[in-house]
Amino acid sequence: MSQLLKLYLFAYNSLQAFGWTISLFRILASFVATDSVNGAYASAGDLICLLQTCAFLEVVHGAIGIVPSGVLFPLMQWGGRTHFLLAIVRQIDEVQEFSAVFIAFFAWSLTEVIRYSHYALNIYGSCPSWLTYLRYTTFIVLYPLGLAPGEMWLMFQALPFIKEKNLYGCSSHLSIPMVETLRPFV
């Protein structure tokens with residue numbers, strides 16, 4: 001790999017690590033200041049949307065072969081998160097204060113600080129072993145935490161708002177039986 005390509009990948013991963021560190025700091029600062037998880041989107045939502053949108057470059061990196069990840073897995077990861085962010089959280093103001101946003105944003109931010117730092121330092125072979133350990137162990141807890149009580153729960157909670165606002169082709173006369181049945185629990 002050329003030195004210019006290494007420099008580009010180092011810069012990309014370092015900037016992503018820096019951005020996710022700022023988002024993690026903002027989320028935690030909001031939590032400490034308000035003693036509430038309801039301010040995660042207000043404190044870091046725009047930055048996380050920007051970072052996640054820029055992460056499409058990882059799909060491009062795999063497509064042109066500058067990283068060994070390929071295209072499919074980065075595209076699935078990027079598509080799922082981007083849909084959650086831009087089609088659900090950003091479009092439905094009512095869900096932005098839900099605790100599931102805090103859970104997802106916290107899990108994502110911590111995961112990405114570790115992952116991008118690992119990638120950046122690994123490019124030049126200077127990644128400490130403790131960071132490699134964190135890279136391959138923390139996701140065991142953080143991935144399901146961000147996915148189940150974070151992303152999936154929030155998307156479920158958003159269904160009544162999607163129906164009410166007739167978003168995404170969901171007509172107002174359409175019944176969502178599972179939502180109606182579970183409404184007392186939401």
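No hydrogens, no waters, no symmetry mates; every other heavy atom, side chains included, goes into these values. Note that the structure is predicted; figures quoted are calculated from it, not measured.
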Can you give each donor-acceptor pair under 3.5 Å made by side-chain atoms of residues 63-78, sequence neighbours left out, with the distance rounded to 0.1 Å?
residue	atom	partner	partner atom	Å
Trp78	NE1	Gln52	O	2.8
Trp78	NE1	Thr82	OG1	3.3

Starting at [atom1] of [X], measure out to [atom2] of [Y] and round the result to the nearest 0.5 Å.
X      : Y      : atom1 : atom2 : result
Met152 : Leu154 : CE    : CG    : 12.0 Å
Glu94  : Glu164 : CD    : CD    : 6.5 Å
Ile92  : Ile162 : CD1   : CD1   : 4.5 Å
Leu51  : Leu47  : CG    : CG    : 4.5 Å

Exercise for the section: Report the C-alpha distance between Tyr116 and Tyr12 in whole Å, list the side-chain angles of each, state the deciding distance to 0.1 Å, and finish with yes or no for side chain to side chain contact (heavy atoms under 4.5 Å, CB included). Expected result: CA-CA 9 Å; Tyr116 284 116; Tyr12 170 77; 3.9 Å; yes
Do [X] and [Y] share a hydrophobic cluster (ILVMFWY, side-chain heavy atoms under 4.5 Å, transitive)?
X      : Y      : result
Met1   : Leu4   : no
Leu121 : Tyr136 : no
Leu7   : Leu15  : no
Leu159 : Leu167 : yes
Phe161 : Phe156 : yes

Least distance between heavy atoms, [X] atom then [Y] atom:
X      : Y      : value
Thr53  : Leu86  : OG1-CD1, 4.2 Å
Ile88  : Ala158 : CG2-CB, 3.8 Å
Ala44  : Ile27  : CB-CG1, 3.8 Å
Trp108 : Glu151 : NE1-OE2, 3.1 Å
Phe98  : Gln157 : CD2-OE1, 3.4 Å
Lys165 : Asp93  : NZ-N, 4.5 Å

Problem - Inter- and intrachain pairs under ring-ring contact (aromatic ring centres under 6.0 Å, His included), touching residues 21-53, at least two apart - result: Phe31-Phe102
Problem - Contact check, side chains of Phe84 and Val89, non-hydrogen atoms, under 4.5 Å - result: yes
Handout entry: Minimum side-chain heavy-atom gap Phe105-Val37 below 4.5 Å
Key = no
Fill in the blank from the handout: side chain to side chain contact (heavy atoms under 4.5 Å, CB included) filter on Glu97, not counting sequence neighbours, yields Asn38
Look only at the side chain of [X] and the backbone of [Y], and say whether a donor-acceptor pair between them is shorter than 3.5 Å.
X      : Y      : value
Thr21  : Ala17  : yes
Ser23  : Trp20  : yes
Ser43  : Ala40  : yes
Asn122 : His118 : no

Practice task
Please collect all salt bridge (charged side-chain N to carboxylate O under 4.0 Å, His left out) contacts where either partner lies in residues 39-51, sequence neighbours excluded, each pair once.
Solution key: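 Sorted result for residues 39-51: Asp46-Arg90.
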Practice task
Only pairs at least two apart or in different chains count here, so list each salt bridge (charged side-chain N to carboxylate O under 4.0 Å, His left out) that has a residue in residues 128-138.
Solution key: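 Every candidate salt bridge (charged side-chain N to carboxylate O under 4.0 Å, His left out) pair involving residues 128-138 fails, so no pair, neighbours aside, qualifies.
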Check residues 137-150 and write down every donor-acceptor pair under 3.5 Å in which the side-chain atom is one partner and the other belongs to a residue at least two apart or another chain.
residue	atom	partner	partner atom	Å
Thr137	OG1	Tyr133	O	2.6
Thr138	OG1	Leu134	O	2.7

Exercise for the section: May I ask you to decide whether Glu58 forms a salt bridge with Arg115, counting only side-chain N to carboxylate O separations under 4.0 Å? Expected result: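 Salt bridge present between Glu58 and Arg115.
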Practice task
Answer yes or no: does atom OH of Tyr8 have more than 12 heavy-atom neighbours from other residues, nucleotides or ligands under 6.0 Å?
Solution key: yes
